[in-house]
Amino acid sequence: MTPPEPSPGALPPILAPAGDPARSAQLRGILLLLLAIFLFTLMDATGKHLSTLYHPVQVVWVRFVTNLAIVAVIFAPRLRHALATRRPAVQFFRGVTQFGSGLLFFSALQFIGLAEATAIMDLNPVLITLGAAVFLGESIGIRRILGILAAFCGAMLIIRPGAGVFHPAALLALTAAFTYAAGAILTRVARSDSAATSILWSALVGTVLSSLAVPFVWQPIAAGDLWAFLLLGGLGTAAQALLIRAFSLAEAAAIAPFGYTGLLWAGLWGWLFWGTLPDLWTLIGALIIVAAGLYVWMREARAMNRAAGTGPQ
């Protein structure tokens, strides 16, 4: 599953001079992001395995409970201060969207391949661009609109509504991409809060919501599956920590495109663990989504650099 949207920052020139501390930090940020994406896709593969055995609500509950337990220990000395927020309603609905996107994604994985679901979720960068324009009043030009439309065409190639290969569960992954993007927009709205505050609120809200639902679907966890549940929570927490560290070292514009490496890992796990490979139309659709996302990212980077006076006028 695609990782949480970090708080946005200014977009810097793409490369600093060799030996510059900023460039060194950027390279370390890229490496940490690549590792985070690797762990996130392993978490998704673990979640797909568990979702075939247990209800997705139970899987998501374990994910959030484990995450909350770990971050509560980390922030224990300043837990009350970290939970304090200027935007409680925004933080609550952020948590709702993250809970929703996780539940929808793991529900989709019961029926469709990991690579297909991951490719559909990779719509989120262009959805965030569109949402920021509609709800936050950020500017969007015709070229970025065309990039967004192209990404949707790529998603339709993967989903193929009306075709014999269409599975309704693909719509769950598509909806998850929208809820994820909504959470990212709310992250921008709550940017006055610290990263610790946003992390704790997301874990807390997700735990509460899943705890309310899990008694209705609970089934005893087999001893042979405990390792998978523990791995799910551990991978998710470690990946999130690496992601936060990556975006603290380097600006989002410089490293965000490397998030698309998740498609490669998702395809690999699908082949190794389930013996499935994405078909030709899925590959074409995924390439279109990635190309459109990179194009939109480049347009935004150029616009921000011009505004900062660091790019071509």
Side-chain angles (χ1 to χ4, degrees), residues 1-4 32 34-76 79 95-118 121 169 172-173 176 179-180 199-245 262 265-276:
M1 181 166 55
T2 311
L32 289 176
L34 290 173
L35 181 56
I37 297 302
F38 170 79
L39 295 182
F40 269 121
T41 59
L42 264 182
M43 181 196 75
D44 292 340
T46 306
K48 178 175 175 62
H49 164 69
L50 289 172
S51 294
T52 62
L53 304 172
Y54 301 88
H55 195 283
V57 169
Q58 188 169 346
V59 177
V60 170
W61 177 79
V62 172
R63 164 76 174 89
F64 277 111
V65 167
T66 306
N67 185 222
L68 178 62
I70 293 174
V71 298
V73 170
I74 293 173
F75 296 114
L79 189 60
V96 171
T97 59
Q98 292 196 357
F99 167 74
S101 61
L103 180 58
L104 288 163
F105 186 77
F106 284 136
S107 297
L109 289 179
Q110 290 180 295
F111 306 102
I112 64 175
L114 183 60
E116 288 79 2
T118 301
M121 277 293 290
L172 295 175
T179 56
Y180 174 87
I199 292 168
L200 280 167
W201 270 81
S202 297
L204 181 61
V205 172
T207 297
V208 171
L209 292 178
S210 56
S211 295
L212 291 174
V214 77
F216 298 99
V217 299
W218 180 266
Q219 65 182 86
I221 298 175
D225 295 328
L226 282 174
W227 69 269
F229 278 103
L230 292 174
L231 184 65
L232 180 80
L235 286 171
T237 303
Q240 188 178 52
L242 288 168
L243 185 81
I244 293 167
R245 180 58 177 162
W265 292 117
L268 177 62
W269 305 144
W271 173 67
L272 281 178
F273 301 142
W274 294 280
T276 60

Return the [atom1] to [atom2] distance between [X] and [Y], rounded to the nearest 0.5 Å.
X: Leu242; Y: Phe40; atom1: CG; atom2: CZ; value: 8.5 Å
X: Leu53; Y: Ile221; atom1: CG; atom2: CD1; value: 11.0 Å
X: Leu35; Y: Leu243; atom1: CG; atom2: CG; value: 11.0 Å
X: Phe229; Y: Gln58; atom1: CZ; atom2: CD; value: 5.0 Å
X: Thr179; Y: Met121; atom1: OG1; atom2: CE; value: 6.5 Å

Tabulate below the donor-acceptor pairs under 3.5 Å that side-chain atoms of residues 203-212 make, not counting sequence neighbours, or state none.
unit_1 : atom_1 : unit_2 : atom_2 : d
Thr207 : OG1    : Phe64  : O      : 3.2
Thr207 : OG1    : Ala203 : O      : 2.7
Ser210 : OG     : Gly206 : O      : 2.7
Ser210 : OG     : Thr207 : O      : 3.2
Ser211 : OG     : Trp61  : NE1    : 2.9
Ser211 : OG     : Thr207 : O      : 2.6

[X]: partners by side-chain contact (heavy atoms from CB on, under 4.5 Å), with sequence neighbours left out:
X: Leu79; answer: Phe75, Leu83, Leu200
X: Ala238; answer: Leu39
X: Leu272; answer: Leu268, Trp269

Which atoms form the tightest heavy-atom contact between [X] and [Y], and what is the distance?
X: Ala108; Y: Ala173; answer: CB-N, 3.9 Å
X: Met43; Y: Arg63; answer: SD-NE, 3.2 Å
X: Leu50; Y: Ala228; answer: CD2-CB, 3.6 Å

Side-chain donor-acceptor contacts of residues 109-117 below 3.5 Å, not counting sequence neighbours, with atom names and distances?
unit_1 : atom_1 : unit_2 : atom_2 : d
Gln110 : NE2    : Ser51  : O      : 3.0

Non-neighbouring partners of Thr46 that pass side-chain hydrogen bond (donor to acceptor under 3.5 Å, both in side chains), sequence neighbours left out
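In terms of side-chain hydrogen bond (donor to acceptor under 3.5 Å, both in side chains), with neighbours along the sequence ignored, Thr46 is linked to no residue.
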Contacts of type side-chain hydrogen bond (donor to acceptor under 3.5 Å, both in side chains), residue Trp265, not counting sequence neighbours
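In terms of side-chain hydrogen bond (donor to acceptor under 3.5 Å, both in side chains), with neighbours along the sequence ignored, Trp265 is linked to no residue.
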Write out all pairs satisfying side chain to side chain donor-acceptor pair (under 3.5 Å) with one or both partners inside residues 220-230, taking only residues at least two apart or from two chains.
Tyr54-Asp225
Taking side chain to side chain donor-acceptor pair (under 3.5 Å) as the cut-off, I'd like each qualifying pair that reaches into residues 65-75, sequence neighbours left out, listed once.
Asn67-Thr237, Asn67-Gln240
Check: Thr118 and Phe105 side chains under 4.5 Å, non-hydrogen atoms
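Touching, per the 4.5 Å side-chain cut-off.
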Decide side-chain contact (heavy atoms from CB on, under 4.5 Å) for His49 and Phe273; before the verdict, give the C-alpha distance in whole Å, the side-chain angles of both, and the deciding distance to 0.1 Å.
CA-CA 9 Å; His49 164 69; Phe273 301 142; over 6 Å; no
